[in-house]
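Single-structure report; data block below.
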Amino acid sequence: MSAVGAEAPRNCRLCPRLAAYRDATRAKNPDWFNGAVPSFGDEAARLLVVGLAPGVTGANRTGRPFTGDFAGDLLYATLTKFGWANGAFAARPDDGLVLAGAMVTNAVRCVPPQNKPVGDEINRCRPFLAARIAALPRLRAILCLGRISHESTLRALGAKLSVHPFAHGARHEVAGLTLWDSYHCSRYNTNTGRLTAEMFEAVFEAARAELGPEG
Ligand code: URA
């Protein structure tokens, strides 16, 4: 049983640097969400996608993970392609997009300056990730976007990092779950060619092949 709930309180102040950054962003943009961004998706999810942290003008503005962030265009298109999302993603929380059998969350729930959470912040947010995982009764697989997500998820599951090295497309068996790794679908990774849409889709395709169809 986890000591915290699966979602951080919107005005969580566990990380002083992140709380201060949110306060400063709220002062400049009072109509933005500016809070700990809750997970989005299906409570009956068999697949949990774990990102890094909200982008300042994306999820931190809109209040939904990967929504308004460049990275969300590829993520939600891919979830739709492999049958985990229905509706038209329009980068707004009221676009009507519905996830089916999947949930999207972040290793760190609050926007970090320069998109870079520090170790302490990742550690302080981990109980929410652990609780999120524990609260999904049908969960079978976790797809980690990037190394920070991968390592925080392994720690949340009590697994050894040295036994499960991060690699794009890697598949690990951890605590009764399958854990898939992908490079993060960030603008930087796609612009530099480190991650192509084909490489990203291949990971979701493999997860779908293993999980089978929804329903
Ligand atoms: N937006 C998110 O919510 N998470 C990420 O990891 C990147 C962008």
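Numbers for residues simply follow the sequence, beginning at 1. Values in this document were obtained by computation on a predicted structure and should not be read as measured data. All ligand and atom numbering here is 1-based and tracks the order in the structure.
Using a cut-off of 4.0 Å between Lys/Arg side-chain N and Asp/Glu carboxylate O, K28 and D23 are scored as not salt-bridged. Salt bridge present: R109 and E7 bring a charged side-chain N and a carboxylate O closer than 4.0 Å.
Within the structure, side-chain hydrogen bond (donor to acceptor under 3.5 Å, both in side chains) pairs that include any residue of residues 81-92 comprise K81-E201, W84-E214, R92-D94 (at least two apart or interchain).
Residues V104 and L75 are in side-chain contact: their nearest non-hydrogen atoms beyond the backbone lie under 4.5 Å apart.
The aromatic rings of Y76 and F40 sit perpendicular, their planes meeting at an angle over 60°, well past the 30° parallel limit. Ring-plane geometry between F166 and H150 is classed as perpendicular, the angle between the planes exceeding 60 degrees on a 0 to 90 degree scale with a lower cut at 30.
Protein residues are said to neighbour a ligand when one of their heavy atoms lies under 4.0 Å from it; for ligand 1 these are G51, L52, A53, P54, G55, A59, P65, F66, D69, N106, H184.
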